[in-house]
Amino acid sequence: MKGLYYRITTSQDEEKFVFQENEPAASPSDYHVKLQVKACALTPINTKLVSALYQSKEHVPVGRDVAGVILEVGPKVSFFKPDDEVVGILPLDFVESGLCDVLWVHEHNLVHKPDKVGWVEAAGTIRDGLCVYTALHSLAHLAPGKSVLVPDGASPFGTLAIQLSHHTGATVITTAHSEEDKQYLEKIRPPVARVIDVSKGNVNLTEKGMEETGGLGFDIIVDAGGQ
């Protein structure tokens, strides 16, 4: 199987990304499923984290967000059956590239893909979607009527945070860092309560927040490392 790998230590003349052919592996355990990959999302590589985790390795696999069809299931797999459409995130210690045609994946790293969501959309949103759900529900305990500030709402993470907050019945305020971002955010339906334009600087978000919430302040601020 051919997969894409990142070369940890390279000289200036060497390519950082290489394709490698690997022999198809057998199922690692009774809890693994054989996945035919239909789409794989490429995300930025954290070079510092990779160098720390894989000190003894020369190459690390690229592509961890995958969507596909299950071909086989191990005898102890309980969540899936052959022909199920799934999406998931490969763990950091996974040795195969998500760009391989076929992978053996532990069932706990996959979930069922909704029928109305395409392969590319599923692979492209699973990581940010999981981050947003963890932030809003597991950490912030989002509930109807809460006020949520989503900085940089036009980013992939920000857009999903706005949608999930609206789905729960929260009031959403977001920021825009350009006129293009502002126009995009103003077209979101259902609409956000307010888009705060911070592209020109000199905007006091504390004052804006107190103004929008009647002096109460935001219940939740989702900091995803935005500008």
Side-chain angles (χ1 to χ4, degrees), residues 1-8 15-47 49-51 53-54 57-138 155-164 167 224:
M1 297 184 297
K2 181 181 288 187
L4 182 64
Y5 294 81
Y6 172 75
R7 198 195 307 264
I8 297 178
E15 295 289 342
K16 290 187 176 181
F17 296 92
V18 294
F19 283 99
Q20 287 186 343
E21 287 278 0
N22 296 318
E23 292 295 326
S27 175
S29 79
D30 292 342
Y31 297 96
H32 279 66
V33 302
K34 190 175 186 180
L35 178 69
Q36 181 182 22
V37 179
K38 295 291 187 179
C40 174
L42 298 179
T43 53
I45 295 176
N46 187 325
T47 54
L49 177 62
V50 165
S51 299
L53 289 177
Y54 304 101
K57 292 187 177 182
E58 183 180 354
H59 300 90
V60 295
V62 174
R64 299 192 179 277
D65 308 342
V66 295
V69 177
I70 291 179
L71 302 177
E72 300 178 25
V73 298
K76 294 185 178 180
V77 171
S78 57
F79 295 115
F80 305 106
K81 63 183 185 301
D83 296 326
D84 279 352
E85 298 182 351
V86 296
V87 59
I89 302 175
L90 304 179
L92 284 175
D93 59 354
F94 203 79
V95 297
E96 302 290 346
S97 166
L99 292 170
C100 292
D101 292 332
V102 178
L103 300 169
W104 283 100
V105 185
H106 196 287
E107 64 173 336
H108 290 169
N109 295 318
L110 300 169
V111 296
H112 287 280
K113 179 184 75 67
D115 293 336
K116 295 183 179 180
V117 177
W119 298 116
V120 173
E121 289 78 8
T125 58
I126 182 66
R127 182 177 296 270
D128 282 331
L130 180 60
C131 290
V132 168
Y133 187 87
T134 301
L136 290 176
H137 286 275
S138 302
S155 66
F157 180 95
T159 299
L160 288 172
I162 291 171
Q163 292 176 337
L164 187 55
H167 180 72

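Remember, predicted model here, so these are calculated numbers, not experimental data. All values below come from the heavy atoms of this structure, side chains included, with hydrogens, waters and symmetry mates left out.
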Exercise answer: donor-acceptor pairs, residues 66-75 side-chain atoms, under 3.5 Å, sequence neighbours excluded:
none

Going by atom type alone, with no hydrogens or angles, which donor-acceptor pairs under 3.5 Å involve a side-chain atom of residues 32-40 and a protein atom two or more places apart or on another chain?
residue : atom : partner : partner atom : Å
His32   : ND1  : Ser29   : OG           : 2.7

Under 3.5 Å, which donor-acceptor pairs do the side chains of residues 116-133 form with other protein atoms, sequence neighbours left out?
residue : atom : partner : partner atom : Å
Thr125  : OG1  : Glu121  : O            : 2.7
Arg127  : NE   : Asp65   : OD1          : 3.2
Arg127  : NE   : Asp65   : OD2          : 3.0
Arg127  : NH2  : Asp65   : OD1          : 2.7

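Residue His137 places its NE2 atom among more than 12 non-hydrogen atoms of other residues, nucleotides or ligands, all under 6.0 Å distant. Around atom CZ of Phe79, no more than 12 heavy atoms belonging to other residues, nucleotides or ligands sit under 6.0 Å away. By the neighbour-count criterion of 12 heavy atoms within 6.0 Å, atom CG of Asp30 is densely surrounded, having more than that number from other residues, nucleotides or ligands.
A side chain to side chain contact (heavy atoms under 4.5 Å, CB included) with Leu90 holds for exactly one of Asn109, Val105, Leu110; it is Val105.
Residues passing the side-chain hydrogen bond (donor to acceptor under 3.5 Å, both in side chains) test with Lys81, sequence neighbours excluded: Asp84. Take Tyr5 and apply the ring pair (Phe, Tyr, Trp, His ring centres under 6.0 Å) test, not counting sequence neighbours, and it matches no residue. Remark: His112 pairs with Phe80 by the ring pair (Phe, Tyr, Trp, His ring centres under 6.0 Å) rule, at least two apart or across chains. By the side-chain hydrogen bond (donor to acceptor under 3.5 Å, both in side chains) test, Glu107 is found to be paired with no residue, residues two or more places apart in sequence or in another chain being considered.
In this structure a side-chain-to-backbone donor-acceptor pair under 3.5 Å is present from Arg64 to Pro91. No donor-acceptor distance shorter than 3.5 angstrom exists from the side chain of Ser97 to the backbone of Pro61, with no hydrogens or angles considered.
How far CG of Asp101 is from NZ of Lys2: 10.0 Å, rounded to the nearest 0.5 Å. For the atom pair Phe17 CZ and Leu42 CG, the distance stands at 8.5 Å (nearest 0.5 Å).
In terms of heavy-atom proximity, Val18 sits nearest to His59 at CG2-CD2, 3.6 Å. Tyr6 approaches Val62 most closely through the heavy-atom pair N-CG2, 3.6 Å.
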